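So the structure is just underneath, and the comments pick up after that.
Computed from a predicted model, the values in this text were never measured in an experiment. One-based numbering, in listed order, for ligands and for the atoms of each. Numbering starts at 1 and runs along the sequence shown.
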Amino acid sequence: MTEWFSVIPLGHSEAMHAIVIEDKKLAFREVPDPVPAEGEVVVDVTAAGVNRADVSQRQGFYPPPPGAPDYPGLECAGVISAVGPGVSGRHVGERVSALLAGGGYAQRVAVPAGQLLPVPTGLSLHEAAALPEVSCTVWSNVVDRDRLRKGETLLVHGGGSGIGTFAIQLGHALGATVVATARASKHDKLRELGADLVVDYTTDDFVAATKDFTGGRGADVVLDIVGAKYLSRNIDVLAPGGRITVIGFQGGRKAEVDLVELMAKRASLSSTSLRARPIPDKARIVAAVTRDVWPLVEAGAIKPIIHTTMPLSEAAEAHALMESSDHLGKILLLP
Ligand SMILES: NC(=O)c1ccc[n+]([C@@H]2O[C@H](COP(=O)([O-])OP(=O)(O)OC[C@H]3O[C@@H](n4cnc5c(N)ncnc54)[C@H](OP(=O)(O)O)[C@@H]3O)[C@@H](O)[C@H]2O)c1
């Protein structure tokens, strides 16, 4: 197998700009260039996705896993500018997107080669930057873990989130009936993306609405970002044999579970974190997403939903927008 050693192309200085966290605030600073370790490449970032997890990291609730860059940023797209030792089949100048454990809010980022995804045919680098975190999170939970099948009902909480807009499209593309919760101002767009029923969680009860819509059966799979506040109602809305996966805790982390209700429905309840998974597990997910999801993107069945793009130096404004929840889909930063 061919191996390339680290090559930093001419014209690159040894410093770059990145967003660092200082006293729970984001600051645009000059920092050292990343150097690719064994098995890594360096990507010159064209666009980086903003995720709710970055807001939690800034607030001090979600520290990066050991070995991950300190800077926030869980996904990007760009061009490979250096190839580290032990990496084969990658070359300087290749356009890629990447799932990151951190460090995307920067001009350059080092990433394990197994976490690179191709840029789907027909997509720009900006569009490709909106996909790695949502596609890998949603696929690993809804397909890999919860085995959503054609004809089943998927309930997506936070339908207007980056995660939600992707989950609605994937569920629809897989032939599921999709129910989503969101504020009313987002409903038209979510129907366009493939939601069969949209529930305004601020005024309506999603349990009653989902049961009514499914003839009393309920949801087979629930993808939940709310956590404690929704747990008992998520069990309530579940169809026999249903699966709940909790991936966010915006509504709290501690709740009581009625195990008898779970047992009676032969239901399963799980929770996962993509960022904390070992590198080989992420590589497995990335390969499966490339194989199973990218064809749906290339066919136009799933589109990157981009709310807005902002300069990297305005990352603090991007976080303020995300915290307002006035966005629908992804916010991107451009170094
Ligand atoms: N565990 C993992 O591996 C993993 C990976 C990625 C993301 N996540 C989690 O997934 C969630 C979404 O991430 P993101 O980056 O896509 O976030 P995001 O774009 O900021 O979206 C968050 C959305 O939550 C909605 N929301 C708030 N309270 C709600 C409620 N009670 N019911 C329904 N929707 C509600 C808001 O929509 P409205 O305007 O409709 O209120 C808001 O748009 C976050 O909690 C994040 O931590 C987990």
Side-chain angles (χ1 to χ4, degrees), residues 48-59 61-62 65 72-75 99-102 104 129-142 144-146 155-170 179-190 193 195 198-207 209-210 222-231 233-234 237 244-253 255 270-277 281-282 285 289 304-308 318-333:
V50 176
N51 287 278
R52 187 65 69 151
D54 309 335
V55 174
S56 300
Q57 180 173 340
R58 193 201 78 226
Q59 292 167 336
F61 300 125
Y62 194 48
L74 298 175
E75 61 190 342
L99 179 70
L100 309 171
L131 290 176
E133 177 71 12
V134 293
S135 59
C136 292
T137 300
V138 173
W139 181 88
S140 60
N141 289 295
V142 169
D144 195 30
R145 177 167 287 242
D146 290 336
L155 170 59
V156 178
H157 288 303
S161 64
I163 291 285
T165 50
F166 189 91
I168 291 169
Q169 296 184 86
L170 182 64
V179 179
T181 59
R183 274 189 273 162
S185 58
K186 301 181 178 177
H187 286 195
D188 287 348
K189 181 68 185 175
L190 302 192
L193 295 179
V198 194
V199 183
D200 182 352
Y201 69 89
T202 65
T203 54
D204 294 333
D205 173 18
F206 69 81
V207 178
T210 306
V222 178
L223 183 64
D224 180 48
I225 64 167
V226 178
K229 200 168 127 195
Y230 276 6
L231 187 56
R233 280 192 284 159
N234 280 338
V237 79
I244 301 169
T245 296
V246 182
I247 60 164
F249 306 92
Q250 292 175 212
R253 54 188 280 186
S270 61
S271 187
T272 69
S273 164
L274 180 62
R275 190 187 198 186
R277 286 183 188 245
D281 202 13
K282 286 184 186 168
I285 292 167
V289 165
I305 306 302
I306 298 171
H307 181 81
T308 191
H319 275 208
L321 172 59
M322 179 160 271
E323 286 174 82
S324 76
S325 283
D326 287 339
H327 65 297
L328 195 159
K330 300 290 297 187
I331 302 166
L332 299 181
L333 294 173

Here the pair of heavy atoms bringing V289 nearest to W139 is CG2-CB, 3.8 Å

Between I168 and A180, what is the shortest heavy-atom contact and its length? CD1-CB, 3.8 Å

Contact table, ligand 1 N/O with protein N/O, distance under 3.5 Å:
residue	atom	partner	partner atom	Å
ligand 1	1 (N)	I247	O	3.1
ligand 1	1 (N)	T272	O	2.8
ligand 1	3 (O)	L274	N	2.7
ligand 1	15 (O)	R52	N	2.9
ligand 1	16 (O)	G162	N	3.0
ligand 1	16 (O)	I163	N	2.9
ligand 1	19 (O)	G162	N	3.1
ligand 1	19 (O)	H327	NE2	2.8
ligand 1	20 (O)	R52	NE	2.8
ligand 1	20 (O)	R52	NH2	2.9
ligand 1	20 (O)	H327	NE2	3.3
ligand 1	24 (O)	Q250	NE2	3.3
ligand 1	31 (N)	Y230	OH	3.0
ligand 1	32 (N)	Y230	OH	3.0
ligand 1	34 (N)	G158	N	3.4
ligand 1	39 (O)	R183	NE	2.8
ligand 1	39 (O)	R183	NH2	3.0
ligand 1	39 (O)	K186	NZ	2.6
ligand 1	39 (O)	S325	O	3.4
ligand 1	40 (O)	R183	N	2.8
ligand 1	41 (O)	R183	NE	3.3
ligand 1	41 (O)	Y201	OH	2.3
ligand 1	43 (O)	K186	NZ	3.4
ligand 1	45 (O)	Q250	OE1	2.9

A side-chain contact here means heavy atoms from C-beta on lying under 4.5 Å apart; do L321 and H307 qualify?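 Yes, side chains in contact.
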
Sorted by chain and residue number, the side-chain contact (heavy atoms from CB on, under 4.5 Å) partners of A255 (sequence neighbours excluded) come out as A228, L231

The criterion is side-chain contact (heavy atoms from CB on, under 4.5 Å); which residues satisfy it with Q57, sequence neighbours excluded?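 Partners of Q57 under the side-chain contact (heavy atoms from CB on, under 4.5 Å) test: I21, Y62, P64, P72, R275.
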
Residues in ring-ring contact (aromatic ring centres under 6.0 Å, His included) contact with H327, at least two apart in sequence or another chain: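 ring-ring contact (aromatic ring centres under 6.0 Å, His included) list for H327, sorted by chain: empty.
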
